[in-house]
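This report refers to the structure that appears directly beneath it.
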Amino acid sequence: MEKNPQEAAVAYQTLERYSGSEAHHFHTNLILTNFPSYVEYFAKSRGVPIFEGSMFKVAHSPKEEISILDFKIGSPAAALVVDVCSFLPIRASILLGMCGGLRRRYKVGDYLVPVASIRGEGTSDFYFPIEVPALANFLMQRATTEILDQEKTPYHIGITYTTNMRFWEFNEEFKTRLKNTKAQGIEMECATLFTASYKRKFTLGALLLISDLPLAQDGIKTKQSSQWVFDHCTADHVEKGARILTHARIMQSKKIKGAYHRNINGEEASHL
């Protein structure tokens, strides 16, 4: 994808204003998340500073060559972060997010690996017509499942429904439509991230943590249940994300198919 120099200049400036970090500080491996506490854990555990701008919070680990960025919540923010970060020489990226589990057998704290997302949020329409599916990058999801298997971590695989609607749990019409889709999870960013990254040739996957069971009685997330998830799951989720990125880079070095090869010198990306 040929880069427009003017667009690139605006993207760099936008990233620096929103993150409080200069663009050249970003490493070639990127963790995206919705949670400032993930950035805080990452920075504390690695002894690195946190940068914060008008929207994003970030930290960089030179030893691992990994940056982590909290882009807040929702599909517009998800679109923005892919658009600006696609101008950086990032070779592998993963979303560490949360979702509502939509199966009775799921438990809070389980992992869900989304292979695709239903485009119910609207923002992805600006990238492709609605008939284009929102798919996670194959290599990144393969790297994710290989790390989970190596660590003998139980996980689920499926599709998510991406929505911009809050308090949908009290909308019976929406709940009926949601059940009819047979989605395994519901969240607010994946379809946008997957679609935008496909458009931008940005190698991106996702590892979601099931934070609540919104279709079950008393399963809707509360302040207390949310804090339990953060207290018990943050460290494992972030460390798995770091290991997945490292594994993905090894896979890329072996020319395993499925990712976009993003050249460090900024040349046009080519599909492996």
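For P214 against I186, the heavy-atom pair with the smallest separation is CG-CG2, 4.4 Å. The minimum heavy-atom distance between T28 and P89, with the atom names listed, is CG2-O, 3.2 Å. Listed here is the closest heavy atom pair of T160 and C190: OG1-CB, 3.9 Å. Contact between S67 and F26 at its shortest, heavy atoms only, is OG-CA, 3.5 Å. Taking every heavy atom of both residues into account, C233 and G109 meet most closely at SG-CA, 4.2 Å. In terms of heavy atoms, V48 sits closest to P62 at CG1-CD, 4.3 Å.
In this structure, V115 is a member of the same hydrophobic cluster as Y161, with clusters built from ILVMFWY side-chain heavy atoms closer than 4.5 Å. Follow the hydrophobic side-chain contacts under 4.5 Å out from F42 and you reach I50 in the same cluster. Cluster membership for L135 and V82, using ILVMFWY side-chain heavy atoms within less than 4.5 angstrom, is not shared. Residues F126 and M188 are members of separate hydrophobic clusters, defined by side-chain heavy-atom contacts under 4.5 angstrom among Ile, Leu, Val, Met, Phe, Trp and Tyr. Linking ILVMFWY side-chain heavy atoms closer than 4.5 Å, directly or via other members, places I90 and F138 in two distinct hydrophobic clusters.
Taking a 6.0 Å sphere around CD of Q217, one finds it holds 12 or fewer heavy atoms contributed by other residues, nucleotides or ligands. Annotation: Q150, atom CD; neighbour count of heavy atoms from other residues, nucleotides and ligands within 6.0 Å is above 12. Heavy-atom contacts from other residues, nucleotides or ligands closer than 6.0 Å to CD of E65 number 12 or fewer.
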**Asked** Are L32 and L204 close enough, and set up right, to give a side chain to side chain contact (heavy atoms under 4.5 Å, CB included), and what steps lead you there?
**Response** CA-CA 9 Å; L32 295 177; L204 184 146; 3.7 Å; yes
**Message:** Is there a side chain to side chain contact (heavy atoms under 4.5 Å, CB included) between F71 and N34? Walk through the geometry before answering.
**Reply:** CA-CA 6 Å; F71 65 92; N34 308 120; 3.2 Å; yes
**Message:** Assess the residue pair T144 and H247 against the criterion (side chain to side chain contact (heavy atoms under 4.5 Å, CB included)); give the C-alpha distance rounded to whole Å, side-chain angles, the decisive distance to 0.1 Å, and a yes or no.
**Reply:** CA-CA 8 Å; T144 299; H247 188 54; over 6 Å; no
**Message:** salt bridge (Lys or Arg N to Asp or Glu O under 4.0 Å), that's the test. Do E52 and K72 meet it? Break it down for me.
**Reply:** CA-CA 12 Å; E52 188 166 9; K72 302 301 184 284; 5.0 Å; no
**Request:** Step by step, work out the side chain to side chain contact (heavy atoms under 4.5 Å, CB included) result for L213 and Y106.
**Result:** CA-CA 8 Å; L213 305 170; Y106 291 175; 3.9 Å; yes
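The backbone N or O of V81 sits nowhere less than 3.5 Å from a side-chain atom of Y18 that would complete a donor-acceptor pair. Between the side chain of S226 and the backbone N or O of K223 there is no donor-acceptor pair closer than 3.5 Å. Although no hydrogens or angles enter the test, the distance criterion places a donor-acceptor pair under 3.5 Å between the side chain of S93 and the main chain of L30. No donor-acceptor pair under 3.5 Å is formed between the side chain of T163 and the backbone N or O of G120. Put simply, the side chain of R119 gets close to the backbone of V132: a donor and an acceptor are under 3.5 Å apart. Of the possible donor and acceptor atoms, none in the side chain of R200 sits under 3.5 Å from a partner among the backbone N and O of F87. Of the possible donor and acceptor atoms, none in the side chain of D212 sits under 3.5 Å from a partner among the backbone N and O of V108. Using a distance-only test at 3.5 Å, with no hydrogens or angles considered, a donor-acceptor pair links the side chain of H237 to the main chain of L207. T145 places a side-chain N or O within 3.5 Å of a backbone atom of R142 that can act as its donor or acceptor partner. Between the T234 side chain and the D231 main chain, no donor and acceptor come within less than 3.5 Å of each other.
Remark: the S75 side chain and the N164 side chain contain an N/O donor-acceptor pair separated by less than 3.5 Å. Inspection of the Q184 and H156 side chains reveals no N or O donor paired with an N or O acceptor under 3.5 Å. Donor-acceptor pairing under 3.5 Å is lacking for the side chains of E16 and S21.
In this structure the side chain of Q141 reaches within 4.5 angstrom of the side chain of P114, judged on heavy atoms. A 4.5 Å side-chain heavy-atom check between M98 and L209 finds at least one atom pair inside the cut-off. For the pair E64/H27, no side-chain contact is recorded, criterion being any heavy-atom separation below 4.5 Å from C-beta on. No side-chain heavy atom of F202 sits less than 4.5 Å from a side-chain heavy atom of L193. Residues E7 and V10 form no side-chain contact, since every pair of their non-hydrogen atoms from C-beta on lies 4.5 Å or further apart. Two residues are said to be in side-chain contact when any heavy atoms from C-beta on lie closer than 4.5 Å; I210 and Y111 fail this criterion. L215 has its side chain within reach of K175: a pair of non-hydrogen atoms, C-beta onward, lies under 4.5 Å apart. Side-chain contact between R91 and R249: present, with at least one pair of heavy atoms (C-beta onward) separated by less than 4.5 Å.
Rounded to the nearest 0.5 angstrom, E146 CD and L139 CG are separated by 8.5 Å. Atom OH of Y127 sits about 8.0 Å away from atom OG1 of T192, to the nearest 0.5 Å. Here OG of S124 is found 12.5 Å from NZ of K199. Values are rounded to the nearest 0.5 Å. From M55, atom CE reaches atom CG of D70 across 9.0 Å, with rounding to the nearest 0.5 Å. To the nearest 0.5 angstrom, I31 atom CD1 is 4.5 Å from I68 atom CD1. Note that CD1 of I244 and CD1 of I66 are 10.5 Å apart. Values are rounded to the nearest 0.5 Å.
The side-chain hydrogen bond (donor to acceptor under 3.5 Å, both in side chains) with T162 is formed by just one residue from the set E187, E189, E121; it is E187.
In this pair, F51 and H60 present their aromatic rings tilted. The plane angle is within the 30 to 60° band. By the 30° and 60° cut-offs, the orientation of the rings of W228 relative to H232 is parallel.
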